[in-house]
Amino acid sequence: MFSSKALQSQSKLRDERLGRLKDFLHTKQGQVINVEDVVFTTLFNTLSSIIFARDFLDLSDEHGTRDGLKESLRKIIEYGGITKDFGSFFPMFERFDLQGIRKGTMRQYKKTFAHWEDIIEERRARIGSSTWSSEQAQSFVDRMLENGFSNDQINQLVTELFVAGTNTTTTSVVWAMTELVRHKEVMSKIVEEIGREIKSDTITDSELSQLPYLQACIKEAMRLHPPVPLLLPHMAAETCEVMNYTIPKNSKIFVNLWAMGRDPKVWDDPLSFKPERFIGSKVDFKGQDFELLPFGSGRRMCPGMPSGVKSVQLILASLIREFDLVLPDDVDPLKLDMNDKFGIALKMETPLKLLFKQKEESRMLTKPSSLKNLPPGPPRLPIIGNLHQVGDRPHVSTAKFAKEYGPLISLRLGKQVLVVASSPEAAMEILKTQDRFLSSRVVPTAFQQTSLIPHSVIWSECNQTWKNLRTLCRTEMFSSKALQSQSKLRDERLGRLKDFLHTKQGQVINVEDVVFTTLFNTLSSIIFARDFLDLSDEHGTRDGLKESLRKIIEYGGITKDFGSFFPMFERFDLQGIRKGTMRQYKKTFAHWEDIIEERRARIGSSTWSSEQAQSFVDRMLENGFSNDQINQLVTELFVAGTNTTTTSVVWAMTELVRHKEVMSKIVEEIGREIKSDTITDSELSQLPYLQACIKEAMRLHPPVPLLLPHMAAETCEVMNYTIPKNSKIFVNLWAMGRDPKVWDDPLSFKPERFIGSKVDFKGQDFDLLPFGSGRRMCPGMPSGVKSVQLILASLIREFDLVLPDDVDPLKLDMNDKFGIALKMETPLKLLFKQKEESRSVRLGRTKGREKLEVLIMLKAQFIGIYKTVKL
Ligand code: HEM
């Protein structure tokens, strides 16, 4: 672990973690950072990547609450540093562990071990296999296993390395940084030295050795603040003489480095921080100069010194090179609390907090190390990167790049790194293998509404709120039971659509419009027990709701969203996207405000019982949702659920109109299998050819062609490339659906390819992912699929779908328009001609007002015929 060869081989791991720390600090510009916390996390992950080939801690998890590991380690170190350890002063009490120190530590040890238990077992199995050879060893734990270490031995050694190696190094960095912040003239000299000597992006070993002034500063900080001020307690194994005194066997022995470092007999002006004293001096901390022993000396000297020194030098040099270290709130540096707190490592009593301000010159020069091993991509221009090459149809432009640069590419959009996967293998790595790290979200400017994001299911990171919202939607809206109970609402709205189309015989219908209205009303009847839109209000001008939703969706789909490319402009909302969306949000919310209040009052009344719940909003209210929470979730369901489903119906219908032979087969299947007036679930499942057509349409025209933008919550590896934290990630379903390496004759519409094939869109087959896969997969899939099937089957059963003006079906404009859902550029317009056979069925079915309408129509026809005959 500590030889020069080993240190050399760890360079990449060290640089990567340091790169992540810098990236993290870049994203936290203007925020106060607890230095000890982020340095500790970085050092811990560096060590854990050397030992286990894995990171365990998260820079953004400041209090280490996410999985408790940081907390356990902190407690172990705290127990180990207890000074009032009575058991050790009075050995007769030792075994009773009266202060619970041993028990407490053991509890934390066990918790800690649990974090790597599985890794050890997995590596042990691999090493035990017949194909194993020593060259495959990837980490220190592999070496321990090869050397026959038991789990107990591994756990003990590893925990000791973590405890001894991370806190000491962290505290060295923190004290040195504190002294530098207090001494501006010293800091300026280091900055000058670094600027002069360091040329490469990642600081090399030979460059580090060119920084004598930095090294002098580190020595000087260690003199004043020795990280292990009394060394670890030695014990006399035998009675012996020291300076003519007797040291009895079993004595505990301290060497007080702290006292020595501040002794005027040893150091001139000892309480001043003067790195210059080491310039031109040969005094070093390698255990030969007894005035400076931060790592001890002799047989118990710290074996980790080379690694510790290197880390301290690297972290300080890298951070000082890239950032100005600024005390928050204009604190006077000379008034910093310099008291220390004794423990295994000597910490600052008041933790050092700093702002890390990116240096002007580093803004231009430095490239975070995590940006080194990016997936390939087209050359980029300064500042804007590849912005000019993405255009309005990013699914098409990135598909072109994929052809040239491979299935995983990266682009720079201003400051943002965009990674695009365009093959099933790449999609699987992103949505399955690295799902845990790559399932956060990049929030488009439109939806960055601070009051609403915390209640979002679509735009939250994968946190507890997100889990709860998904669970609520799944059980109350998308479970088979829920879908079953919505059947009547769905059938009624579909019935109204059919009636409307009957009254519009001979008129040209904008398919998207009527399908959208039907789906919207179905969803609103499930959510609010009310319809909001009117089929005959084609342009949605009547009360503005359709228009507001259209605008929200439009704002959300804007591709030239500059705020997200240049975060420094984000808060200004220069394009007015955020403001515009908020305006539309407010108008939209107003439509259901009264309903929510009325339902809230009802649920709050003493006579309310849960069985009276009629709608999804009742369930939300019962679960204590606020108005903000309801508004946000409901709008998201409308936005995510209606457009996607509408566009799926429209594209499928377009392909059917273009392919007469396919349409005839569906008509034949429907005629054969469907007997009842309202199509039942079991009848739907008897329509494999229709289902194949829907899959085929979704393959060629995925409604959400790039999925919703994922974001890397952590830097991670995909196909041996590095995906830096905070990258935006697209999975290009559109490109995958048209790739001849994945599909035979990909540009032809051939539903037959799915007959007898097991490929489905449930997220298990990475060739076909219209609903995504993994933890962000569309929760509304069951509902969406059912709607698409029902609408298509019902309309095809009852109407002939005819293009107006004898348009040649093969000349239909098949171009698409990118947005949250991929629409047709030229909306599909059709005549819905009632089928001969359905005319008689319908005549038998219609009742009341409808019967009257039919009689009037027949009478009109009769008069028409009569007049013609008379003429
Ligand atoms: C044919 C219809 C539909 C298609 C093709 C579709 C497709 C998708 C896709 C591709 C995603 C993003 C997956 C990802 O980013 O990895 C998604 C997310 C989502 N969909 Fe759907 N969807 C449809 C219908 C619905 C319906 C009917 C609803 C609700 C009423 C709905 C609600 C949602 C929600 C809430 C999310 C966000 C999930 C999350 O971020 O955790 N979708 N959908």
Side-chain angles (χ1 to χ4, degrees), residues 395 421 427-428 430-432 434-435 438-444 447 453 455-463 465-474 476-479 482-483 486 489-490 515-516 518-527 556 616 632-652 691 694-695 697-699 701-711 728-734 736-737 761-763 766 768-792 820-823:
H395 55 303
M428 184 162 104
I430 286 171
L431 301 174
K432 189 171 176 190
Q434 299 288 18
D435 185 32
L438 301 180
S439 289
S440 204
R441 288 273 191 226
V442 176
V443 187
F447 301 119
I453 283 294
H455 317 308
S456 168
V457 64
I458 302 186
W459 304 114
S460 315
E461 55 190 87
C462 297
N463 52 23
T465 313
W466 166 79
K467 270 191 204 149
N468 295 345
L469 290 173
R470 276 186 72 110
T471 310
L472 179 78
C473 291
R474 209 173 325 111
E476 297 295 336
M477 194 171 269
F478 305 129
S479 63
L483 284 181
Q486 298 155 5
L489 303 176
R490 211 178 294 276
V515 172
F516 175 83
T518 304
L519 286 165
F520 191 92
N521 283 340
T522 308
L523 199 52
S524 74
S525 68
I526 294 168
I527 294 178
F616 188 59
Q632 179 64 8
L633 182 55
V634 166
T635 317
E636 288 194 347
L637 291 174
F638 282 134
V639 168
T642 49
N643 266 270
T644 45
T645 316
T646 305
T647 211
S648 310
V649 172
V650 173
W651 280 112
Q691 283 157 19
I694 295 172
K695 282 184 194 165
M698 285 185 164
R699 175 184 72 80
H701 315 284
V704 191
L706 302 173
L707 299 184
L708 295 176
H710 284 224
M711 189 182 86
K728 184 168 179 170
I729 299 155
F730 283 157
V731 177
N732 194 338
L733 307 184
W734 188 87
M736 283 155 59
F761 39 49
K762 295 193 176 147
F766 288 83
L768 189 71
L769 296 169
F771 299 93
S773 176
R775 62 188 69 199
R776 279 291 181 177
M777 187 174 164
C778 173
M781 184 189 71
S783 159
V785 172
K786 189 167 181 165
S787 297
V788 177
Q789 292 177 346
L790 260 182
I791 295 179
L792 283 173
I820 290 192
L822 192 74
K823 293 188 178 193

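First listed ligand is number 1; within each ligand, the first listed atom is number 1. Any value given below was found using the heavy atoms of this structure, including those in side chains, with hydrogens, waters and symmetry copies removed.
The contact set between ligand 1 and V457, taken as ligand atoms under 4.0 Å from a residue heavy atom, comprises 35 (C), 39 (C), 40 (O), 41 (O). Of all atoms in ligand 1, listed by their number and element, those nearer than 4.0 Å to a heavy atom of S648 are 1 (C). Of all atoms in ligand 1, numbered sequentially from 1 with element shown, those under 4.0 Å from a heavy atom of L707 are 10 (C), 14 (C), 15 (O), 16 (O). For ligand 1 and P770, the ligand atoms under 4.0 Å from any heavy atom of the residue are 5 (C), 7 (C), 10 (C).
Some N or O of H710 is nearer than 3.5 Å to an N or O of ligand 1, by distance alone. An N or O contact shorter than 3.5 Å links R470 to ligand 1 by distance. The distance criterion of under 3.5 Å between nitrogen or oxygen atoms is not met by M777 with respect to ligand 1. At least one N or O atom of W466 sits closer than 3.5 Å to an N or O atom of ligand 1.
Counting only heavy atoms of the protein, atom 15 (O) of ligand 1 lies nearest to R441 NH1, 2.9 Å. Ranking protein heavy atoms by distance to atom 28 (C) of ligand 1, first place goes to G641 CA, 3.5 Å. Here the heavy atom of the protein found nearest to atom 3 (C) of ligand 1 is F771 CE2, 3.3 Å. For atom 42 (N) of ligand 1, the closest heavy atom belonging to the protein is C778 SG, 3.0 Å. Of all protein heavy atoms, the one lying nearest to atom 32 (C) of ligand 1 is A640 CB, 3.6 Å. Of the protein's heavy atoms, T644 OG1, 3.4 Å lies nearest to atom 23 (C) of ligand 1. Ranking the protein heavy atoms by distance from atom 13 (C) of ligand 1 puts R776 O, 3.3 Å first. The protein atom (non-hydrogen) at minimum distance from atom 37 (C) of ligand 1 is I458 CG1, 3.7 Å.
The residue from G780, P782, P779 that puts a heavy atom closest to atom 19 (C) of ligand 1 is P779.
Ring planes of F761 and F771: perpendicular class, angle over 60° (limits at 30 and 60°). Between H395 and W734, the ring planes lie perpendicular to each other; the angle is over 60°, past the 30° to 60° tilted range.
Using a 4.0 Å cut-off between heavy atoms, W459 makes no contact with ligand 1 at all. Contacts between M781 and ligand 1 below 4.0 angstrom, taking non-hydrogen atoms only, are absent altogether.
M698 counts as a contact of ligand 1, since one of its heavy atoms falls under 4.0 Å from the ligand. Note on ligand 1: F478 sits in its first shell, one or more heavy atoms being nearer than 4.0 Å.
In the displayed structure, K786 atom NZ is contacted under 6.0 Å by more than 12 heavy atoms of other residues, nucleotides or ligands.
Note that CD of Q632 and CH2 of W459 are 10.5 Å apart. Values are rounded to the nearest 0.5 Å. Rounded to the nearest 0.5 Å, atoms CD1 (I791) and OG1 (T646) are 7.5 Å apart. Here the straight-line distance linking atom CG of L519 with atom OG1 of T645 works out to 5.5 Å at 0.5 Å rounding.
Looking only at distances, no side-chain donor or acceptor of Q486 sits under 3.5 Å from a matching main-chain atom of I526.
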